[in-house]
Amino acid sequence: MHRSSPSSSTVAQPTPEQLARVHHLLLEWYAHEQRPLPWRATSDPYAILVSEIMLQQTQVERVIPKYHEFLSRFPTVADLAAAPTAAVISTWVPLGYNQRAVRLQAIARQVVSDYQGRIPDSVEELLKLKGIGRYTAGAIACFAYHRQVATVDTNIRRVLHRLFIGLEHPEPRLSDAETLTLAEQVLPPGRAYEWNQALMDLGAMICTSASPQCERCPVGEACAAYRELSAQSLFPSGTVLRTLRKVAEKKSGYQAQPFTQSDRYFRGRIVALLRTLPPEQRLSLAELGPRIKSSYTEADLPWLQRLVSRLAHDGLVDYQEEEGVRLP
DNA sequence: AATACGGGGCG
DNA sequence: CGCCCAGTATT
């Protein structure tokens, strides 16, 4: 079997008996070991929407308090649509990726104006909303409306790959499209909600990226990656997994600069500062510069102007050349 | 396919 | 200090 050939519509398949065994093992484990997460205790599509946007690239533990705070401040989709954007952004900080706050409110306003206040229930319709991609659309359809759809986030990708294909490194590994196809093929009929949640819990608690605890894994007996590791006596697997990934990254030439020198960092500083100002009050760029960058000089003005213009373009600030900058 | 987009927490 | 995280939009 050669997993490099991406005929893409089909991927390696377990037998129906093997698949049923995996379903049973993982769902049974989830029934007893699942994390008690607040968005699992509701079926309010708005609350699910808020949680899923917050959870994009953001850990569960950081989201939980913000999720409660945000829903307390904006209890319904209509409340969020009617709120000042500055208040929404302000509540979002310091979750990061602040465009998510602007887009979330834009979604709420569109839902009120175009969907009679009801959040769409199909992947196809959800995908039309800016800020909702295939993962979030699938998550809302499944977790809020119990649609039997597959969805793939970073946890599910890793777990399905290890379970049904093998280690993700060295390459080749499944593409995004192939992974979604696999996810659809292994979805247990009628159990999409628990299955998708279970895959994410397994990825977060056991089948982690760098240090999976295979000895505690409920589906170890059926796992392709576990068989690979066993055959080569690679336990504990943490070191070898990290090494394989590092080699793959070096090949791709990835290099990061210090975060506190990045434009990203200063964009965050600007938004965090503006939210402390009295409502409506603006700051000139000359006032703003020194307050976000200790080494700021007049020579940095073009840089700052570029930064603020981009923030304005993203809807995160209101910038008038003459008057200065504030939250929108 | 590559890049922009945050920031907190942990080893 | 490097790495990770319930991704999406844009080029």
Side-chain angles (χ1 to χ4, degrees), chain A residues 34-35 37-40 47-67 89 92-104 106-107 126-144 150-160 171 175-177 179-180 183 193 195-205 207-212 238-239 241-243 245-246 248-272 275 292 306-307 310-311 313-316:
Chain A
Q34 64 179 278
R35 294 173 291 177
L37 305 178
W39 43 89
R40 288 177 180 169
I48 306 283
L49 166 67
V50 169
S51 76
E52 290 301 341
I53 300 292
M54 285 187 173
L55 285 162
Q56 292 170 2
Q57 292 289 283
T58 309
Q59 291 95 328
V60 163
E61 306 73 46
R62 291 188 55 209
V63 166
I64 290 175
K66 270 297 170 192
Y67 169 81
I89 295 171
W92 198 265
V93 172
L95 224 37
Y97 289 136
N98 299 320
Q99 283 181 78
R100 292 183 295 173
V102 175
R103 289 183 178 149
L104 176 56
I107 289 169
L126 287 161
L127 277 174
K128 295 179 180 173
L129 303 171
K130 188 162 296 184
I132 295 185
R134 181 57 184 78
Y135 163 72
T136 304
I140 294 172
C142 183
F143 302 147
T151 198
V152 177
D153 75 323
T154 183
N155 278 319
I156 294 180
R157 155 187 280 288
R158 185 177 60 252
V159 171
L160 290 180
E171 319 232 347
S175 69
D176 290 352
T179 307
L180 183 57
Y193 183 109
W195 176 252
N196 287 328
Q197 297 280 10
L199 289 172
M200 290 193 281
D201 267 6
L202 192 72
M205 300 161 70
C207 193
T208 59
S209 174
S211 308
T239 303
L241 290 179
R242 280 187 291 274
T243 301
R245 186 170 39 71
K246 195 162 281 185
E249 276 173 14
K250 181 155 290 183
K251 197 176 295 184
S252 79
Y254 172 78
Q255 237 4 303
Q257 72 175 133
F259 177 62
T260 54
Q261 294 171 30
S262 65
D263 282 359
R264 262 155 119 114
Y265 170 74
F266 289 107
R267 283 171 58 104
R269 296 268 311 208
I270 291 170
V271 171
R275 76 187 274 261
I292 59 156
R306 222 164 34 240
L307 221 51
R310 267 158 49 205
L311 283 166
H313 174 266
D314 293 339
L316 281 165

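A quick note: this is a predicted structure, and the numbers were derived from the prediction, not measured. Throughout, a chain's letter reflects where its sequence line sits, starting with A, and its residues are numbered from 1.
Side-chain proximity of A:Tyr97 to the nucleotides C:dA6, C:dG7, B:dA4 is greatest for C:dG7. Between B:dA4, C:dA6, C:dC5, one nucleotide has an atom nearer to the side chain of A:Arg310 than all others, and that is B:dA4. Nearest nucleotide to the side chain of A:Thr136, out of B:dC5, C:dG7, B:dG7: C:dG7. For A:Arg267, counting side-chain heavy atoms from C-beta on, the closest listed nucleotide (C:dA6, B:dG7, B:dC5) is B:dC5.
Across all strands shown, A:Tyr265 has heavy atoms under 4.0 Å from sugar-phosphate atoms exclusively, and none from any base. The residue A:Leu129 sits close only to the backbone: its heavy atoms come under 4.0 Å of sugar-phosphate atoms, none of a base. Counting any heavy atom pair closer than 4.0 Å across all strands shown, A:Ser262 reaches no nucleic acid atom. Among the heavy atoms of the strands lying under 4.0 Å from A:Asn98 are primed sugar atoms or P, OP1, OP2 only; no base atom is included. No engagement by A:Trp92 is indicated, since no non-hydrogen atom pair under 4.0 Å with the nucleic acid exists. Using a 4.0 Å heavy-atom distance criterion, A:Gly96 is classed as a base contact.
Partners of A:Lys128 by salt bridge (Lys or Arg N to Asp or Glu O under 4.0 Å), not counting sequence neighbours, listed by chain and number: A:Glu125. For A:Asp201, the salt bridge (Lys or Arg N to Asp or Glu O under 4.0 Å) criterion is met by A:Arg35, A:Arg40, not counting sequence neighbours. Not counting sequence neighbours, the partners of A:Tyr193 by the ring pair (Phe, Tyr, Trp, His ring centres under 6.0 Å) test are A:Phe143, A:His146. Every side chain to side chain donor-acceptor pair (under 3.5 Å) that A:Arg269 has, sequence neighbours left out, goes to A:Tyr265.
With hydrogens and angles ignored, the 3.5 Å screen pairs a side-chain donor or acceptor of A:Arg62 with a backbone N or O of A:Pro94. Side chain of A:Lys130 to backbone of A:Ile107: no donor-acceptor contact under 3.5 angstrom is found.
On the C1' atoms, B:dG6 is 11 Å away from C:dC5, given to the nearest whole Å. Taking atom C1' on both C:dC4 and B:dC5, the two are 16 Å apart, rounded to the nearest angstrom.
Between A:Arg103 atom CZ and C:dA9 atom P there is a gap of 6 Å when expressed in whole angstrom units. The separation between A:Lys130 atom NZ and C:dT10 atom P is 4 Å, rounded to whole Å. Between A:Phe266 atom CZ and B:dG6 atom P the separation is 14 Å, expressed in whole Å. Atom CG of A:Leu95 is separated from atom C1' of B:dC5 by 13 Å (rounded to the nearest Å). Across the protein-nucleic acid pair, A:Arg264 atom CZ and B:dC5 atom C1' stand 4 Å apart, rounded to whole Å. If you measure from atom CG of A:Leu307 to atom P of B:dG6, you get 10 Å, rounded to the nearest angstrom. Rounding to whole angstrom units, CG of residue A:Asp314 and P of C:dT8 are separated by 17 Å. We find that OH of A:Tyr67 is positioned 17 Å from P of C:dA6, with the value rounded to whole Å.
Between A:Arg306 and A:Asp263 there is no salt bridge, since none of the side-chain N atoms of the basic residue sits less than 4.0 Å from a carboxylate O of the acidic one.
Looking at residues 53-64 of chain A, you'll see A:Gln57, A:Thr58, A:Gln59, A:Arg62 sit with a heavy atom under 4.0 Å from some atom of DNA chain B. DNA chain B lies under 4.0 Å from no heavy atom of any residue of residues 152-160 of chain A.
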I would like to know whether A:Arg275 and A:Ile89 meet side chain to side chain contact (heavy atoms under 4.5 Å, CB included); could you show each step before the answer? CA-CA 8 Å; A:Arg275 76 187 274 261; A:Ile89 295 171; over 6 Å; no
So A:Asp314 and A:Val102, side chain to side chain contact (heavy atoms under 4.5 Å, CB included) or not? Walk me through it. CA-CA 8 Å; A:Asp314 293 339; A:Val102 175; over 6 Å; no
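Side-chain contact check for A:Leu55 versus A:Tyr135: every heavy-atom pair is 4.5 Å or farther apart. Side-chain atoms of A:Leu316 and A:Arg267, non-hydrogen and from C-beta on, do get closer than 4.5 Å to each other.
If A:Leu127 and A:Ala139 are placed on DNA chain C by their nearest nucleotide, the residue sitting closer to the 5' end is A:Ala139. Mapped onto DNA chain C by nearest heavy atom, A:Ile132 and A:Ala204 fall at different nucleotides, with A:Ala204 at the one closer to the 5' end.
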